[in-house]
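All remarks here apply to the structure that follows.
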Amino acid sequence: MADYVTVENRSAGKIVYQIPDRHIRRELAPRQTLRVPKEEIEALAYTAGGLDLIRNHLLVKDEQVLDELNIHREPEYYMNADNVAALIKTGSMDEFLDALDFAPEGVIDMIKDLSVQIPLNDFSKRQALKAKTGFDVDAAIAHDVENRTPEDGEAVAPKEQKVRRVQKTAGRRTSGAKVIKKTAE
C-alpha cells in the first residue's frame with residue numbers, strides 16, 4: 001500500500017482527468033475519495049492542466065508526492081469539508097479571511113456550498129465572502145428555499161417535532177389487581 005496515495009475531489013463539480021499514454025481516465029464526484037498509484041499522480045502532473053487540478057481541486061494526501069512535484073501549499077490546502085464547516089460555524093473572522101485569500105479554488109467552492117447548506121449566519125463573514133468572491137450567500141439561500149418550494153407556490157412548513165419539556169420519573173404502574181406468585185413446595 002506504500003505505492004498508493006489518497007486523492008479527494010474537494011470542488012463543487014465532477015472532476016475528470018485523463019492520462020492518455022497510460023490509458024487512464026478517472027471521474028471523481030464532489031467529495032469523492034480514491035486511492036490511486038503515486039505514479040498516476042506524477043503522470044497527471046505532466047499532462048495539460050494536471051498540475052492545476054492537483055493544486056486547486058484535488059486534495060492529495062501525501063506530503064512526499066507533493067514535495068516531489070514542487071507544489072507550494074498553504075495550511076488551507078489541507079482543509080476538508082469538516083474543517084470548512086468548523087470555519088463557518090466557529091472560526092474567527094481572521095481565519096475566514098485567510099481561507100478566502102490563501103485557499104485553493106476547491107476549498108473556496110466548499111466554503112460557498114457549505115455557507116448555503118449550514119448556513120453561514122455571521123453577517124460579516126457573508127459580506128467578506130461576497131467581497132472576495134462575488135458569491136452572495138443571501139441570494140443563494142433564497143434560491144435554495146425557492147427550489148425546495150413545490151410548484152403550486154405554497155411553501156412546505158417543516159414538521160415540528162414534539163419534544164417533552166418536563167420529564168416525569170416513571171414509577172411502576174399497577175392496575176389495582178393483585179399478583180399472586182405460586183411457590184414450589
Side-chain angles (χ1 to χ4, degrees), residues 1-137 140-141 144:
M1 284 300 202
D3 296 323
Y4 284 83
V5 62
T6 303
V7 177
E8 179 182 343
N9 174 5
R10 59 172 159 210
S11 69
K14 183 186 339 180
I15 288 181
V16 179
Y17 67 81
Q18 292 184 1
I19 306 171
D21 60 331
R22 295 183 184 221
H23 306 291
I24 295 173
R25 182 179 188 277
R26 300 250 190 235
E27 290 186 21
L28 285 91
R31 313 263 178 359
Q32 182 181 359
T33 302
L34 286 178
R35 288 193 52 82
V36 297
K38 285 183 179 183
E39 295 81 29
E40 183 174 321
I41 297 301
E42 292 167 359
L44 175 61
Y46 294 111
T47 62
L51 211 49
D52 181 61
L53 278 177
I54 295 168
R55 281 188 187 119
N56 293 308
H57 302 286
L58 296 174
L59 172 58
V60 178
K61 299 178 182 178
D62 189 310
E63 295 289 324
Q64 183 182 1
V65 170
L66 294 170
D67 288 340
E68 289 172 2
L69 295 174
N70 201 22
I71 293 178
H72 175 73
R73 302 170 307 277
E74 295 289 337
E76 291 80 11
Y77 177 85
Y78 300 101
M79 293 180 85
N80 59 22
D82 294 334
N83 301 128
V84 171
L87 178 68
I88 288 170
K89 292 178 185 175
T90 60
S92 71
M93 187 61 179
D94 289 334
E95 291 171 328
F96 193 76
L97 289 172
D98 281 350
L100 293 177
D101 287 338
F102 298 107
E105 293 172 28
V107 174
I108 301 292
D109 285 347
M110 266 197 291
I111 291 172
K112 291 175 185 178
D113 288 345
L114 293 176
S115 292
V116 175
Q117 293 172 11
I118 290 178
L120 176 61
N121 291 325
D122 187 330
F123 181 74
S124 56
K125 287 181 183 178
R126 284 185 182 199
Q127 293 302 104
L129 184 61
K130 186 174 183 179
K132 296 278 184 180
T133 66
F135 182 74
D136 188 353
V137 176
I141 290 173
D144 189 46

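Basis for what follows: all heavy atoms, side chains included, without hydrogens, waters or symmetry-related copies.
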Can I get a per-line list of side-chain donor-acceptor pairs under 3.5 Å for residues 13-23, giving both atom names and the distance, sequence neighbours left out?
residue: Lys14; atom: NZ; partner: Glu27; partner atom: OE1; Å: 3.3
residue: Tyr17; atom: OH; partner: Glu40; partner atom: OE2; Å: 2.6

Worksheet entry | salt bridge (Lys or Arg N to Asp or Glu O under 4.0 Å) partners for Asp67, two or more places apart | Arg73
Worksheet item: Quick one: side chain to side chain contact (heavy atoms under 4.5 Å, CB included) partners of Lys61, sequence neighbours excluded?
Response: Thr6, Glu8, Leu59
Worksheet item: What pairs with Asn80 under side-chain hydrogen bond (donor to acceptor under 3.5 Å, both in side chains), at least two apart in sequence or on another chain?
Response: none
Worksheet item: Taking NZ, NE, NH1 and NH2 as the nitrogens, is one of them in Asp3 or Lys38 under 4.0 Å from a carboxylate oxygen of the other?
Response: no
Response to the item:
Residue set satisfying salt bridge (Lys or Arg N to Asp or Glu O under 4.0 Å) with Arg126, at least two apart, ordered chain then number -> Asp138
Discussion item. Show, in sequence, the C-alpha distance, side-chain angles and deciding distance for Lys130 and Val137, and conclude whether the side-chain contact (heavy atoms from CB on, under 4.5 Å) test is met.
Written reply: CA-CA 7 Å; Lys130 186 174 183 179; Val137 176; over 6 Å; no
Item to complete: Quick one: pull up CE in Met79 and CZ in Phe102 and give me the separation to the nearest 0.5 Å.
Response: 13.5 Å
Worksheet item: With sequence neighbours excluded, what pairs up with Asp101 under the salt bridge (Lys or Arg N to Asp or Glu O under 4.0 Å) test?
Response: Lys132
Item to complete: Keeping to residues at least two apart or across chains, list the salt bridge (charged side-chain N to carboxylate O under 4.0 Å, His left out) pairs with something in residues 74-85.
Response: none
Worksheet item: Quick one: does Asp62's side chain get under 4.5 Å of Leu66's, heavy atoms only?
Response: no
Worksheet item: Under the salt bridge (charged side-chain N to carboxylate O under 4.0 Å, His left out) rule, what pairs show up with a residue in residues 105-120, not counting sequence neighbours?
Response: none
Discussion item. Tell me every residue that passes salt bridge (Lys or Arg N to Asp or Glu O under 4.0 Å) with Asp144, counting only those two or more places apart in sequence or in another chain.
Written reply: Arg148
Discussion item. Applying side-chain hydrogen bond (donor to acceptor under 3.5 Å, both in side chains), can you list everything that pairs with Ser124, at least two apart in sequence or on another chain?
Written reply: Asp122
Fill in: Glu68: side chain to side chain contact (heavy atoms under 4.5 Å, CB included) partners, not counting sequence neighbours
Glu42, Gln64
